[in-house]
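Report on the structure given below.
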Amino acid sequence: MNERQVIVYKDTYAMNSAVAYRAVLEMGDVIARRGRVDVALTGGRDSVDIYLKMASFPQKDLLDWSKVHLWWSDERFISAEDGERNSLQARQCFDKDVFSEGNALAEGHIHEMPADPRTPEQVASATDEENEEYLIRAAQSYQDEIIKEIGPDGHMDLAVFGVGPDGHYASLFPDRPEVLITDESKLVVGVSHSPKLPPLRLTMTNPFIRRTPKVWLFTSTKEKARAVSQALAGVDNPHVPSSFARGTEQTLWLLDKDAAGELQHV
Ligand SMILES: O=C1O[C@H](COP(=O)(O)O)[C@@H](O)[C@H](O)[C@H]1O
């Protein structure tokens with residue numbers, strides 16, 4: 001198992017800028033090696049600023065965006081137009097108009113997790129069983145898309161994650177059964193009754209995330225300091241799901257000073 005590395009930046013601006021530069025450079029290296037790059041994106045408060053920085057001058061010109069495939073490690077299972085969707089927020093940052101011709105992100109390379117196709121009325125009156133059926137179908141459809149694109153044993157090249165104040169990452173929440181999934185054939189699962197709203201979500205699983213060569217977690221503010229120190233105090237602790245995060249080659253925790261505030265040896 002590779003060691004988790006912690007890098008502390010002086011503030012959130014420095015952290016977000018560093019994550020953006022690191023990501024663009026890493027993506028460029030992967031494209032140079034194998035002609036495309038598959039990246040799992042996250043949601044959360046720091047992600048939008050990071051994506052804006054990745055897609056702005058001069059970073060955007062450092063790589064061929066037409067070779068980039070964007071995926072999501074988790075998503076809120078709500079309507080496609082809902083501004084709370086992680087993918088919609090990211091799409092607004094990676095606004096295709098900012099890319100010059102020939103260098104643009106291809107629509108077919110933006111692999112969003114399925115949205116809830118139901119009307120608000122149908123959602124309001126749905127039973128747990130109905131919700132479960134929708135989630136199972138949606139998770140299977142995303143898993144099928146992953147397998148179609150990268151094969152049954154494939155993996156993301158890079159996965160970036162935010163971390164919640166409760167230590168969750170992706171939509172893997174403390175002490176929930178999804179955190180304990182070890183079945184390698186389950187790449188994506190549904191989450192119902194999520195402790196953080198909205199209650200219905202989709203998430204990549206730990207076994208799939210842990211196939212990724214490079215896994216980076218970024219987080220900021222004092223509010224996250226306890227979760228960060230608990231995650232880094234041990235591994236595979238279901239009370240702190242982000243302690244499961246691991247890349248096959250590299251696991252980086254990129255923090256601002258406040259989020260690192262409760263770490264012992266930094
Ligand atoms: O719900 C979610 O929360 C986490 C962390 O978000 P933050 O706003 O506390 O930073 C995020 O990483 C995840 O993708 C998202 O769905």
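For ligands, and for the atoms within them, numbers begin at 1 and follow the listed sequence.
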Please report which non-hydrogen protein atom sits nearest to atom 8 (O) of ligand 1, along with the residue it belongs to and the distance in Å to one decimal place.
-> R45 N, 3.0 Å

Rounded to the nearest 0.5 Å, the CD atom of Q92 sits from the CG atom of L52 at a distance of 9.5 Å

Run through K196, M113, H193, E75 and flag the one making a side chain to side chain contact (heavy atoms under 4.5 Å, CB included) with R201.
-> K196

Going by the 4.0 angstrom heavy-atom rule, the piece of N86 near ligand 1 is side chain

Among the heavy atoms of D46, does any lie under 4.0 Å from an atom of ligand 1?
-> no

Do S242 side-chain atoms and V163 backbone N/O form a donor-acceptor pair below 3.5 Å?
-> no

Can you pull out the closest protein heavy atom to atom 11 (C) of ligand 1? Residue, atom name and distance to 0.1 Å, please.
-> G43 O, 3.5 Å

Y134 and F77 aromatic ring geometry - parallel, tilted or perpendicular at 30°/60° bounds = tilted

Does A170, backbone or side chain, put an N or O under 3.5 Å from an N or O of ligand 1?
-> no

To the nearest 0.1 Å, how far is atom 12 (O) of ligand 1 from its closest protein heavy atom, and which atom is that?
-> T42 OG1, 3.0 Å

Hey, what's the ring geometry for F161 with Y169, parallel, tilted or perpendicular (30° and 60° as the breaks)?
-> perpendicular

Between D49 and K53, is there a salt bridge with N-O shorter than 4.0 Å?
-> yes

Provide, to 0.1 Å, the distance between atom 16 (O) of ligand 1 and the closest protein heavy atom, together with that atom's residue and name.
-> D74 OD2, 2.6 Å

For E75, is the nearest heavy atom under 4.0 Å from an atom of ligand 1?
-> no

Distance-only donor-acceptor check, side chains S220 and D46, under 3.5 Å = yes

Of the protein's non-hydrogen atoms, which lies at the shortest distance from atom 1 (O) of ligand 1, and what is that distance?
-> R76 NH2, 2.8 Å

Would you indicate whether the side-chain heavy atoms of K214 and D157 approach each other to under 4.5 Å?
-> no

One finds that the ligand 1 atoms under 4.0 Å from a non-hydrogen atom of G162 are 12 (O)

R201 heavy atoms within 4.0 Å reach ligand 1 at atoms 1 (O), 2 (C), 16 (O)

What residue and atom, counting heavy atoms only, is the protein's closest point to atom 6 (O) of ligand 1, and at what distance?
-> G44 CA, 3.4 Å

Subset of ligand 1 atoms that lie under 4.0 Å from at least one heavy atom of H168 | 1 (O), 2 (C), 3 (O), 4 (C), 5 (C)

Would you please indicate yes or no on a ring centroid separation below 6.0 angstrom for W72 and Y142?
-> no

What atoms of ligand 1 come within less than 4.0 Å of a heavy atom belonging to K224?
-> 7 (P), 9 (O), 10 (O)

